[in-house]
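If you read the sequence from its start, that first residue is 1, and numbering goes on from there.
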Amino acid sequence: NSFKAVQQLGLMGMALVVGNAVRERRRLKVLVLVWLAGAAAVSLYAIGQYLAGEPRARAFFDGPMPLARILIFAVAVAVTLSLCVTGPVRWFSLLCSAAMLAALCLTLTRGAWLAMAAALLFLGVFKKNRVVLACLSLLLCLAVALAAFYPDTQPGALVRSIIHPADPSSARFYESTYQRYWLYKSAVRIFLDHPITGVGQRNFSKVYGSY
């Protein structure tokens, strides 16, 4: 698992290294646009997957979480680019952002939803950008509408599990919340008992049961 995480971060780092090596502004813009187009294409494929019956969008990845990590990175680039440029490039960046945000929502990953909402809120306030804040408000209204009018759908249940994490009616998401609660609580207790040395590499699963 650690190797997979490092591999993903390495690929992101390679994209940054390549981008940093390009000195000419026009070529850098082309590189970013091609990269965004690829991310948007993956997002559209993930959306199609979900509409075709896949329980959670995952595109070409092993699961929704790796896709969510990549999309958070890609949305950050797209939104920032849309604030820094004008004309067709800005509109292209905004369209890519919309596709990637939609795919990110359909990964049904609560952490990704909350992280993206917090990032957009910070960016909108810091840059005093009304467009970003308006888009965030629209996304929040959409999320609340899903929870209120479509509670039996996966996205609706996910929103309700965020608003009421202790509500068992959200089924799978409630179970996930409950498991995390005990996992994190036990981890804190393990840390308090072993603050210096820990319990050793790969031993967490062995001592977790006694907590």
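When side chains are defined from C-beta on, Val89 does not count as touching Val32, because their heavy atoms never get closer than 4.5 Å. Taking the side chain as every heavy atom from C-beta outward, Leu83 and Val132 approach each other to under 4.5 Å. Side-chain contact between Leu71 and Ser43 is present, with at least one heavy-atom pair separated by less than 4.5 Å.
Looking at every heavy atom in both residues, Val159 comes nearest to Ala143 through CG1-O, 3.4 Å. Taking every heavy atom of both residues into account, Ala46 and Leu67 meet most closely at CB-CD2, 3.9 Å. Summarising the geometry of Tyr50 relative to Pro155, their closest heavy-atom pair is OH-CD, 3.4 Å, with the distance given to 0.1 Å. Of all non-hydrogen atoms in Ala59 and Val42, the two that sit nearest each other are CB-CG1, 3.6 Å. When all heavy atoms of Arg58 and Pro64 are compared, the closest pair comes out as CB-N, 3.9 Å. Heavy-atom minimum distance, Ala39 versus Met100: CB-SD, 3.5 Å.
The distance from the CG atom of Leu136 to the CE atom of Met116 is 10.5 Å, given to the nearest 0.5 Å. The SG atom of Cys135 sits 12.0 Å away from the CG atom of Leu142 when rounded to the nearest 0.5 Å. Between the CG atom of Leu104 and the CH2 atom of Trp113 there is a distance of 9.0 Å, given to the nearest 0.5 Å. Once rounded to the nearest 0.5 Å, the distance linking CD1 of Ile72 with CG of Leu101 reads 10.5 Å. Going from atom CD of Glu54 over to atom CD1 of Ile47 covers 14.0 Å, rounded to the nearest 0.5 Å. Atoms CG and OG, from Leu81 and Ser93 in turn, are 3.5 Å apart once rounded to the nearest 0.5 Å.
With sequence neighbours left out, the side chain to side chain donor-acceptor pair (under 3.5 Å) criterion links Asp193 to Tyr211. Listed by chain and residue number, nothing satisfies the side chain to side chain donor-acceptor pair (under 3.5 Å) test with Arg90 (two or more places apart in sequence, or in another chain). Under the side chain to side chain donor-acceptor pair (under 3.5 Å) criterion, Thr107 pairs with Thr109, not counting sequence neighbours.
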Q: Please assess Gln49 against Leu106 for the test side chain to side chain contact (heavy atoms under 4.5 Å, CB included), listing each intermediate value before the final yes or no.
A: CA-CA 10 Å; Gln49 260 187 336; Leu106 295 179; over 6 Å; no

Q: Let me see the working for Asn129 and Leu123 under side chain to side chain contact (heavy atoms under 4.5 Å, CB included), right down to the final yes or no.
A: CA-CA 8 Å; Asn129 191 288; Leu123 184 64; over 6 Å; no

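Leu140 is connected to Val125 through a chain of hydrophobic side-chain contacts under 4.5 Å among Ile, Leu, Val, Met, Phe, Trp and Tyr, so both are in one cluster. If you chain together hydrophobic residues whose side chains sit under 4.5 Å apart, Leu33 and Val30 never meet in one group.
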Tell me which donor-acceptor pairs under 3.5 Å the side chains of residues 197-210 have, and how far apart each pair is, sequence neighbours excluded?
unit_1: Asn203; atom_1: ND2; unit_2: Val199; atom_2: O; d: 2.8
unit_1: Ser210; atom_1: OG; unit_2: Val207; atom_2: O; d: 2.7

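Applying the ring pair (Phe, Tyr, Trp, His ring centres under 6.0 Å) test to residues at least two apart or on different chains, the pairs with a partner in residues 70-110 are Trp35-Phe73.
Grouped with Val188 in one hydrophobic cluster are Phe191, Leu192, the linkage being side-chain heavy-atom contacts under 4.5 Å among Ile, Leu, Val, Met, Phe, Trp and Tyr residues.
Of the candidates Thr80, Val79, Leu120, Ser97 forms a side chain to side chain contact (heavy atoms under 4.5 Å, CB included) with just one, namely Val79.
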